[in-house]
Structure formats: C-alpha cells, structure tokens
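Below is one structure, written out as structure tokens; comments come after it.
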Amino acid sequence: MAPAEDRKRAGVVSALTCGKDDRMQDLRASDVNVQARPDRTVATVPFNVAPVVGTEANCIEDALRSGRLSGDGSYGKRCEERLLGSIGGCGALLTSSGTHALEIAALLLRLQPGDEIIMPSFTFVTTANAFVLRGAVPVFVDIRSDTMNIDESLIEAAITPRTRAIVVVHYAGVACEMSRILEIAKCHRLTVIEDAAHAIGASWMEKPLGSIGDIGAFSFHDTKNLTSGGEGGMISLQDPDGLDLAKILREKGTNRSAFREGRVDKYEWIDVGSSYLMNEISAAYLYAQLQWVDDITSERRSICSTYRKAFAELAALNRIELQQEPPEARSPGHLFYLKMRDEADRRSFISFMRDRGVTVVFHYVPLHATPAGRKYGRFVGRDVVTTRDSLRLVRLPVFYKMTAAQQAAVIDAALAYFGENP
C-alpha cells in the first residue's frame, strides 16, 4: 500500500478512536463522502474485489509461450514448491478447486457407506458434500461463539464406532483449538482434516494451518486472499504414502505422475480417481500472486485491525460482538464480521448499508438446517450457538488494495446506523 494511503488510513483510525458520543453521532471521516440520505449520491464499496497484483498477465503469457497448458507443468511445480516451503509437510498438490482438494481427502480415507465424519454445521456445503459423495454421514456438532469454529469439547460425545475423521474448519482463517483436537484424534485413532479454505497464511502456535492435521485443503477461489484466476485449490499431506496415493487420485486414478517422473515405464489405471489437476494458466496466475502473499496478508490484517479499533467501543457497550482471535492464533485477515443483536437487526443493518452504497453480507446457512443436510447428515447434541449466531453474523468488505477512503465509507455508514439504532 502506498505511504499516502497508509497515512490516510492512520488518520481514519485516529479519528475513530475518539469519544463514544462523537463516534455514535457526529463522526464523519474527512476523506470520504458518505451521505446520510439514500436519495443522494453515495459512495460505492463492493463486498469483495478479486486480488490482482499486476504481474499475472506476464506469467500467463510465459505459460502460453511454453506450449504446455495442462496440469503439473512448470508453473504448477513452482507453486507447489513455494507453498510447501511455507506450509510444510511432505507434499502440496495443486487442484482445480478447494472442493476437489476435499474430495481427494475423502477418497484417501477409503470410506465405506455409513462411515461418519464429525464436522461443524456452520461451513460451506463442500465440507460435507465431499464426504457424502463417498457414502459417508456428516455428523454435525455445535460451534464456539468466540471463533465460530467447532467446539472441541463436544467432539468426543459425537464419536461412534463408525467415526473415521474429524474435519475442522478454520473459519475466517482463525485457528480451531488444534491441541485438544489432535489429542482426541490420537486417542480414538481418527484422521484430522483441516478445511483451510480461509487460512492461507494463518497459523496456530506459529505452525501454519493446513499442516497441523493429517490433511489440509485450501481454496484459491477469487473470494480468497490469493486466487488462481477464479477457481483453484491445494491439498497438503503429512504422510508420504498418502502423497503418492493422492497423486494417483488427482490424475484420474492413473500413475501418470510417476511415469512423467521416470519412476515407471508406462502409465496405467491404478485406482479410483478423477481429473483434479490445476491447469497451467491458473497456476501461472497463482504464481504471480504468491510473490505478494506477505503484502496481501499484511494489508488485509491491517484492514481488520482498523475495523476492530473502530467498533471497539460498540462492543464494550454490548451493542455488537466483534470477531475474536485467540492469542495462539494468527489469522490472514480473510474476513471480518460483526454479530448483531438478532436476525432483524442484521437485516436492517444490511439494508441501511446498501442504501449508502456499502455492500455487507451474511454467511452460511447451517448445513443441518438445509434439505440436503437433513437428508444426509445429523446433528449431535444441542444447537446452542450455530443457528443463533449464524443469524446474527454480518461480514464487512475486506479486499486487497481497499483504499482508506473505502474503509472509512464502511465505518462511517456503520456508525451512522448504530447512532440511529443505539
């Protein structure tokens, strides 16, 4: 971010840490024009803008000149090496989506119909669907209100003789309580799969998320911190045998990777699999972005920090609840949310912000409350937090190269709402 924008943002933060009376009623940031009435000209702030660092086209042109556009090419290998170096483990394989990374994880488990997978219900459909496709049953447990992550204290009560794995979802890139979860998994001989779709660049006790459990699944969709041009993903593995099998599953069930590496003299059908490789154009796009991952992460964390400071007084007054980050966790600034009083308050807030040109959105419908969730899965224990908090949560705009003026527009409009609705 340019120094001028840094200074501008710092000025906004300074202004937003004044007394609560000014904040709730009179504050208007000097560098943004947000009108109080929806019938007048308003600033327009989108919820998301896909990240662009500026060198993607150069890498794509280079890939085109190479004449090699299918998966597992030069850019794909370079991305995997770079990601493996930052995440760790024995292997990192690019996939055509985060969904496909989870599908490979499900195939690696050798699931039988009726096997059970413990997971939170507050997550994207992919987290469950990948395992339902293999005949498994998603077993949903409640989440923690502070992080919106799976409540580790409820996992053991959901374990049965059919349980095969625990799938944790690091919501907003904030780590689950991995120490306790790993203890439970070890005691019951269960596989731990990390849905790290939000968590590139995040850590738990200084260890990268996606490398703590047995398998990690990442997303490079254009709503994520890094994108491979719209869709993309990665699976990371800790077990060498699992890595070898994952290469087969990713290559349509063949040993083509081993053939290309010169380890076999022909490639043939070995196992069940599908076409999960990321193409070389997407890998080239991702490679350009990987050069800027630290800057992207730093900037997004800064945006979230500014929001946190701006709304701290409202949280202290118990008007809202703020997104939490345990001291052991470091998030990548993937998203920032507020929790309103109830669903009606959230609906009113979203409408108010929209009228002022700011797009804010809610998030997942809990899977156990959906038609497919009721058909294929079950909820164990009491639903104390999942439904209640999913109806209150609203996400604010966070994206790379978001200007200080745009963020001030979001904050200004939100404070205007809370000033009118104390």
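All values below were derived from every heavy atom in this structure, side-chain atoms included, with hydrogens, water molecules and symmetry-related copies excluded.
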>> Tell me every residue that passes side chain to side chain contact (heavy atoms under 4.5 Å, CB included) with Arg308, counting only those two or more places apart in sequence or in another chain.
In response: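 With neighbours one apart ignored, the set is Leu322, Gln323, Phe336.
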> Got a sec, which residues hit side chain to side chain contact (heavy atoms under 4.5 Å, CB included) with Asp239, two or more places apart in sequence or on another chain?
Replying inline: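 Residues passing side chain to side chain contact (heavy atoms under 4.5 Å, CB included) with Asp239: Asp241.
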Taking the side chain as every heavy atom from C-beta outward, state whether [X] and [Y] have any atom pair closer than 4.5 Å.
X	Y	value
Thr227	Leu286	no
Arg354	Val358	no
Ser236	Phe218	yes
Val132	Pro138	yes

Set of side-chain hydrogen bond (donor to acceptor under 3.5 Å, both in side chains) partners for [X], sequence neighbours left out:
X	result
Tyr376	none
Thr163	none
Ser96	His100
Asn279	Ser282

> Tell me the ring-ring contact (aromatic ring centres under 6.0 Å, His included) pairs involving residues 242-264, sequence neighbours left out?
Replying inline: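 ring-ring contact (aromatic ring centres under 6.0 Å, His included) check on residues 242-264 returns Phe259-Tyr267.
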> Can you list every pair that meets ring-ring contact (aromatic ring centres under 6.0 Å, His included) and has a residue in residues 50-97, with sequence neighbours left out?
Replying inline: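 Non-adjacent pairs meeting ring-ring contact (aromatic ring centres under 6.0 Å, His included): Tyr75-Tyr287.
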Which residue pairs pass the salt bridge (Lys or Arg N to Asp or Glu O under 4.0 Å) test when at least one of the two sits in [range], sequence neighbours left out?
range	value
residues 66-84	Asp72-Lys77, Asp72-Arg250, Glu80-Arg250
residues 362-386	Glu116-Arg378
residues 154-183	Asp115-Arg162, Asp115-Arg164, Glu156-Arg180, Arg180-Glu183

> Below 6.0 angstrom between ring centroids: does that apply to His363 and Tyr337?
Replying inline: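 No, they do not, as the ring centres are separated by 6.0 Å or more.
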Let me have the donor-acceptor pairs involving side chains of residues 203-212, under 3.5 Å, with sequence neighbours excluded, atom names and distances please.
from, atom 1, to, atom 2, distance (Å)
Ser211, OG, Ile87, O, 3.3
Ser211, OG, Pro208, O, 2.6

> Is any NZ, NE, NH1 or NH2 atom of the basic residue among Glu321 and Arg392 found under 4.0 Å from an Asp or Glu carboxylate oxygen of the other?
Replying inline: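 Result for this pair is yes, salt bridge flagged.
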> Ala136 and Leu111: which non-hydrogen atoms are nearest, and at how many Å?
Replying inline: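 Closest approach of Ala136 to Leu111, heavy atoms only: CB-CD1, 3.8 Å.
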